[in-house]
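Letters go in sequence order (proteins before strands), and every chain restarts at 1. In this text the structure is predicted, and so the values were computed from the model without any measurement.
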Amino acid sequence: MNIVRFAPSPTGNVHIGNIRTAIFDWLFARKTKGKFLLRIEDTDKERSTREAIDRLLECMEWLGIDYDDDIFYQSSQEDAHRDAAKRMMEEQNAYYPNVENSDLPKPIIFRIPWNSESYQNVRIVGNVELNVCADKPVEITQGGVKFSYLNEKNKVVENFFALAGYRKLRLFGSDDTLVFEIENHIDEVLKDNKNFTFNGCKKIAYERREVFYNDMIKGELSKPLDSMKDFVILRSDGTPVFHLANVCDDITQKVTHIIRGDDHVENTYKHIFLFDVLHYPIPKYAHMPMIVNQSGKPYSKRDGDAFVGDFKEKGYLPDALFNYLSLLGWSPGDNREKMSRKEMIEAFGLDRVKSAPAQFDVVKLQNMNGLYMAELEDSAFLDMARREASKQGWGEAVDKEVFEKVAMLMKTRTKIISQVSDWKYFFFDNSPLFDMSTEYNLSSKSFPYDDKALKKAFKEETFIKAIASFRDNIEKQQQLECPADFEAVIRDTEKQCSLSEGKLNQSLRVALTGSTSGANLADTMFILGRERTCARIEKLLTIILSSKF
RNA sequence: GUUCCCAUCGUCUAGAGGCCUAGGACACCAGGUUUUCAUCCUGGUAACAGGGGUUCGAAUCCCCUUGGGAAUACCA
């Protein structure tokens, strides 16, 4: 059975990059009928908080990302981590660093294994010869090989990488004589902790090897061993560092597939050795592309906008966010975009995940959200709208029944619930342009005109005259008891002004709402009523005739 | 500095050597929206980063360049 895990560290707010990783892990687990485990990596006690954990859990629940088994807290595993480090020491896969002042507590450092020709993930790639700077010493210690060489730009580059990167290392003096052969002295370095320093060396030669693995998303990836360093696994205070804890826990939790962000590929090369040394088969790896923000930069926890909870706060629907995020770096391969969980699970596969980073686009998210909004039950939508209007500070001020009517009219064209602020033109007449003297001092405007729409709608004088006639007709009209009555007046006015049917719609809409899109015009007028309809037209005429636009 | 990764419209993407005059979605622009009325409709602009190969044929394979990103911690 496949076992995957989502392993966030609760040191801040979960951002969309994190949660997108969780989504892919979850999708993979559900698709393959495996397990999706949640592990909280709280070993950084300074920065981990209970609050962050609670918020994370809340976000996951909101998005419907359910996990199997109990939550696994990494902090509960410290003994296991220390044991593992101890075992590595015993098996000489780890060591204490050489330091002058030996009274201080020492960390434990993991050694990239010297003897790794039997490792399935290590291979020889060729022989290397480098001209070293003779005026700089070549040092060989437990920690690795240190020397300096001249790069292509003739700059001195200092090199210090793990011992394991230098199998068959040979050092040559200025007269090309062999001064040192590492294979003859390796036990002295490894076991007796002996150091070698050579001055005046001219050339260094060794066999280059590399670690490699097959990434389920990115294909075969590799890294030369002479670009890797030994690394600390247990701090001098006895606490485990990320690499150790992470790998130990994956072993404890029997994780089979590690699906995580791109920023971990480099760690993978280290972890492969750790798994090996701990005698555990290397899991399958899949590294997902990062999500970048509007300016094309990677999201960090500092990006306030990216906190998942904020999307909830702003009124996004969880299914919409989930759906949108799943489409960042993955696609089902056909033209489907809006998909149910079931469809996504069925279509999901790591082989279809891209390896290029994806930019987060709020506008498209909003559109996706609108698709989900339209599917909401009327009552659920109404509840959301009421809450939102209250939150915006005007919900209590309006008639409940009218509000309900408006909500039903606007439901299918609401992309995100905060757009209920656009409905204010149904209720209020005050705005910079529409100063109808009502007491209305809310911070946001009720309905400023769309300038472009205004110009377009009244480009021709006919329309100015026509809406004036319409106002006259409405004032005269006895029967105005349903939207159809308004509709009839619109049609009559069109005839009267020799306009073809429907031609007057746009101008009237702009006059009444300030915008080119909205609910059905007659419905809108019916809700506004005779008085306000006339008053708005009157006001607009004043504006136009005084050439304010 | 070193190592590694990435590159199709503004954005998300389709693309497995010939179905590509490069498809879809969002955004944008232009029109239209009386009827049975909205997840409004119709149309349009817009991309294979550049240069070399390989091949009868390249968005697709190889190399180089450029540009972006990551890692290089006693953070995770």
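When each of A:Thr239 and A:Asn520 is assigned the nucleotide of RNA chain B bearing its nearest heavy atom, the one mapping closer to the 5' terminus is A:Asn520. With the nearest nucleotide of RNA chain B identified for both A:Phe242 and A:Ala519, A:Ala519 has the one nearer the 5' end.
No more than 12 heavy-atom neighbours from other residues, nucleotides or ligands sit within 6.0 angstrom of NZ on A:Lys284. Other residues, nucleotides and ligands place no more than 12 heavy atoms under 6.0 Å from the CD atom of A:Glu377.
Pairing for B:C61 is with B:G53, a Watson-Crick or G-U wobble pair whose two hydrogen-bonding atom distances lie under 3.5 Å. For B:G44, the paired base is B:C28 (Watson-Crick or G-U wobble, both distances below 3.5 Å). B:G1 is paired with B:U72 under the Watson-Crick or G-U wobble criterion, all donor-acceptor distances under 3.5 Å. Remark: B:U34 base-pairs with no nucleotide in the shown strands. Criterion, Watson-Crick or G-U wobble with two distances under 3.5 Å.
B:A71 atom P lies 16 Å from atom CZ of A:Phe161, rounded to whole Å. Distance, A:Leu244 CG to B:A76 C1': 14 Å, rounded to whole Å. When rounded to the nearest whole Å, the span between CZ of A:Phe360 and P of B:U13 equals 13 Å. Summarising the geometry, the separation between CG on A:Asp351 and C1' on B:A14 is reported as 15 Å, rounded to the nearest angstrom. In this entry the distance linking NZ of A:Lys229 with C1' of B:C74 reads 15 Å, nearest Å. Atom C1' of nucleotide B:A70 and atom CD1 of A:Ile291 are separated by 16 Å, given to the nearest angstrom.
Applying the salt bridge (charged side-chain N to carboxylate O under 4.0 Å, His left out) test to every pair with at least one member in residues 357-374 of chain A, sequence neighbours left out, gives these pairs: A:Glu337-A:Lys364.
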Do any N or O atoms of the protein come closer than 3.5 Å to N or O atoms of nucleotides 3-7 of chain B, and which pairs are they?
unit_1: B:U3; atom_1: O2'; unit_2: A:Lys223; atom_2: NZ; d: 3.0
unit_1: B:C5; atom_1: O2'; unit_2: A:Lys218; atom_2: NZ; d: 3.1

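Between A:Ile204 and A:Phe147, the closest side-chain pair of non-hydrogen atoms falls below 4.5 Å.
Residue contacts shown for A:Gly296 are absent, as no nucleic acid heavy atom lies under 4.0 Å away. Residue contacts shown for A:His243 include a base, since a base heavy atom lies under 4.0 Å away. Across all strands, A:Arg260 comes closer than 4.0 Å to no nucleic acid atom at all (heavy-atom distances). At the heavy-atom level, A:Ser331 lies under 4.0 Å from the strands shown only through sugar-phosphate atoms.
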Which side-chain N or O atoms in residues 136-145 of chain A pair as donor and acceptor under 3.5 Å with protein atoms at least two apart or in another chain?
unit_1: A:Thr141; atom_1: OG1; unit_2: A:Gly143; atom_2: N; d: 3.3
unit_1: A:Gln142; atom_1: OE1; unit_2: A:Arg111; atom_2: NH1; d: 2.5
unit_1: A:Gln142; atom_1: NE2; unit_2: A:Asn193; atom_2: OD1; d: 3.3

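Near RNA chain B, meaning a heavy atom under 4.0 Å from it, residues 368-375 of chain A has A:Leu371, A:Ala374 in order of number.
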Readout for nucleotides 22-34 of chain B: B = base within 4.0 Å of protein heavy atom, S = sugar-phosphate only, - = neither; 5' to 3' it is -BBBSS-SSS-BB
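Closest approach to the A:Val241 side chain among B:U72, B:C12, B:A76 is made by B:A76 (side chain taken as heavy atoms from C-beta onward).
Considering only residues two or more places apart in sequence or on other chains, A:Asp492 meets the salt bridge (charged side-chain N to carboxylate O under 4.0 Å, His left out) condition with none of them.
Taking the six-membered ring wherever Trp is involved, the centroid distance between the rings of A:Phe360 and A:Phe311 falls below 6.0 Å.
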